[in-house]
Enquirer: 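Here it is, the structure in full.
All residue numbers refer to positions in the sequence shown, counting from 1. Because the structure is a prediction, the values reported are computed rather than measured.
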Amino acid sequence: MKKLVKGIVAFRETHLADYREKYARLVKGQNPDVLFIACCDSRVVPNTFASSDPGDLFVHRNIGNIVPPLKATHTNGDTSCSATIEFAVNVLKVKHVIVCGHSECGAMQFFTRKENPTPALPQVSQWLHYAHPSYERYLKAEHHAGFEHLSDHNKLSQINVLQQLDHLMTYPDVAAGVQAGTLALHAWWFDLETADVCQYEASADAFLVIDEGHAARMLEGE
């Protein structure tokens, strides 16, 4: 808490003048073109590694960067993520949805450790039920050629990101946008050790580092 409060004071002293005009413009409304779904892990800070400003990203964060299938939200009443998606797609008219996982994710380690690490956390266990399809997919792809260098939980973490794109397609508004070409879905993965951000490329069937060359290819036609 001490660091947080001191940070606010430092922001006022060194950056507030630069940001005051930006925030004054944002009072009139927000117009982000990206819905960014990430894990709530404190080590993952999208605005830092994406060098984004206030108003650039509409962000939803939860344990495990999970998108519950739409049908499951109707059954279980977990509407926070689905409400965010609905608002982003229908009101903000975002053009991109990014699901970003990361290395050393505790939610993924929940599945790959031999012993359940959170037996006394029933709410966490219930939430991670939505990641079971990812774990089942991981078991089938355990010997995937692109996984040799990854630990078990990092393999699962990458697969989990891809699974969430499938879950996003259970939302009719998302599926319609993708089919119409007005909405694009992206799978990203953040490597904590190297601070590299990777995007899944179907042609390589792998997560590739977004360096200058890769970024240029991604932005072609934008």
Side-chain angles (χ1 to χ4, degrees), residues 3-4 7 32-68 80-81 84-85 88 94-113 117 124 127-128 130-131 133-135 137-138 141-142 144-168 184-219 222:
K3 183 176 182 180
L4 190 65
D33 66 350
V34 175
L35 167 58
F36 199 98
I37 300 173
C39 183
C40 54
D41 191 302
S42 62
R43 300 167 293 180
V44 179
V45 188
N47 292 87
T48 297
F49 63 67
S51 301
S52 55
D53 285 328
D56 289 345
L57 303 177
F58 192 63
V59 180
H60 177 83
R61 302 185 68 163
N62 61 55
I63 292 177
N65 44 270
I66 292 169
V67 177
S80 175
C81 186
T84 301
I85 294 167
V94 298
K95 298 178 181 178
H96 303 272
V97 180
I98 297 170
V99 179
C100 184
H102 66 97
S103 64
E104 315 313 322
C105 180
M108 300 301 102
Q109 293 178 36
F110 178 94
F111 290 95
T112 58
R113 287 175 179 167
V124 173
W127 171 253
L128 290 180
Y130 292 125
S134 301
Y135 184 60
R137 186 168 172 173
Y138 155 79
E142 193 170 0
H144 189 284
F147 283 161
E148 295 93 342
H149 65 293
L150 294 176
S151 62
D152 289 342
H153 58 270
N154 286 340
K155 295 175 188 176
L156 175 56
S157 178
Q158 291 193 351
I159 289 173
N160 181 60
V161 175
L162 299 177
Q163 183 65 37
Q164 304 322 304
L165 298 193
D166 289 350
H167 289 178
L168 277 167
L185 308 185
H186 310 272
W188 284 16
W189 195 74
F190 181 61
D191 190 330
L192 288 172
E193 184 175 3
T194 63
D196 284 326
V197 181
C198 307
Q199 174 167 276
Y200 178 77
E201 297 295 344
S203 59
D205 194 19
F207 283 82
L208 305 179
V209 175
I210 303 176
D211 55 16
E212 187 174 357
H214 189 187
R217 292 190 294 273
M218 289 169 60
L219 296 175
E222 279 286 306

Enquirer: Nearest 0.5 Å, please: how far is CG in Asn47 from CZ in Phe36?
Expert: 8.5 Å
Enquirer: Show every salt bridge (Lys or Arg N to Asp or Glu O under 4.0 Å) that has at least one partner inside residues 58-68, sequence neighbours left out.
Expert: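 Counting only pairs at least two positions apart or across chains, no salt bridge (Lys or Arg N to Asp or Glu O under 4.0 Å) contact touches residues 58-68.
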Enquirer: On a heavy-atom basis, which atom in Thr84 and which in Leu35 lie closest, and how many Å separate them?
Expert: CG2-CD1, 3.8 Å
Enquirer: Using the side-chain contact (heavy atoms from CB on, under 4.5 Å) criterion, which residues pair with Asn62? Sequence neighbours excluded.
Expert: His60, Ile66, Trp127
Enquirer: Using modelled atom types only, decide if a donor and an acceptor are shared between the side chain of Asn65 and the backbone of Val161 within a distance under 3.5 Å.
Expert: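 Here the side-chain-to-backbone pair does not exist.
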Enquirer: Please name all residues satisfying ring-ring contact (aromatic ring centres under 6.0 Å, His included) with Tyr200, sequence neighbours left out, ordered by chain then number.
Expert: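 Phe207.
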Enquirer: If the condition is side chain to side chain donor-acceptor pair (under 3.5 Å), which residues does His102 pass it with, not counting sequence neighbours?
Expert: none
Enquirer: Give the C-alpha distance, both sets of side-chain angles, the deciding distance and a yes or no for side-chain contact (heavy atoms from CB on, under 4.5 Å) between Cys198 and Leu208.
Expert: CA-CA 5 Å; Cys198 307; Leu208 305 179; 5.8 Å; no
Enquirer: When rounded to the nearest 0.5 angstrom, what is the spacing between NZ in Lys155 and CE in Met108?
Expert: 15.5 Å
Enquirer: If I take atom CZ from residue Phe111 and atom SG from residue Cys105, how far apart are they, to the nearest 0.5 angstrom?
Expert: 10.0 Å
Enquirer: What pairs with Thr48 under side chain to side chain donor-acceptor pair (under 3.5 Å), at least two apart in sequence or on another chain?
Expert: none
Enquirer: Do you know which two heavy atoms are closest between Cys81 and Val67, and how far apart they sit?
Expert: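 Between these two residues, the closest heavy atoms are SG-CA, 4.1 Å.
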Enquirer: Who are the salt bridge (charged side-chain N to carboxylate O under 4.0 Å, His left out) partners of Asp191, not counting sequence neighbours?
Expert: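 None.
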Enquirer: Where do Gly64 and Cys39 come nearest, in terms of heavy atoms and distance?
Expert: N-SG, 3.5 Å
Enquirer: What are the two closest heavy atoms between Ser52 and Leu57, and how far apart are they?
Expert: OG-CD1, 3.5 Å
Enquirer: So Asn160 and Gln164, side-chain hydrogen bond (donor to acceptor under 3.5 Å, both in side chains) or not? Walk me through it.
Expert: CA-CA 6 Å; Asn160 181 60; Gln164 304 322 304; 2.9 Å; yes
Enquirer: Holding to salt bridge (charged side-chain N to carboxylate O under 4.0 Å, His left out), I want the full list of residues that pass it with Asp53, two or more places apart in sequence or in another chain.
Expert: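 Lys22.
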Enquirer: How would you list, by chain and number, every residue that makes a side chain to side chain donor-acceptor pair (under 3.5 Å) with Ser80, sequence neighbours excluded?
Expert: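 Partners of Ser80 by the side chain to side chain donor-acceptor pair (under 3.5 Å) criterion come out as none, since no residue qualifies.
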Enquirer: Rounded to the nearest 0.5 Å, what's the gap from CZ on Phe58 to CD1 on Ile98? Could you check?
Expert: 14.5 Å
Enquirer: Roughly how far, to the nearest 0.5 Å, is the NE2 atom of His186 from the CD atom of Gln199?
Expert: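 With rounding to 0.5 Å, CD (Gln199) is 6.0 Å from NE2 (His186).
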Enquirer: With heavy-atom distances below 4.5 Å as the criterion, would you say the side chains of His167 and Ile85 are in contact?
Expert: no
Enquirer: Between atom OG of Ser103 and atom CH2 of Trp189, what is the distance when rounded to the nearest 0.5 Å?
Expert: 4.5 Å
Enquirer: Would you call Val34 and Lys95 a side-chain contact if the rule is heavy atoms closer than 4.5 Å?
Expert: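 They are not in contact (no side-chain heavy atoms under 4.5 Å apart), so the answer is no.
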Enquirer: The criterion is salt bridge (charged side-chain N to carboxylate O under 4.0 Å, His left out); which residues satisfy it with Arg43, sequence neighbours excluded?
Expert: Asp41
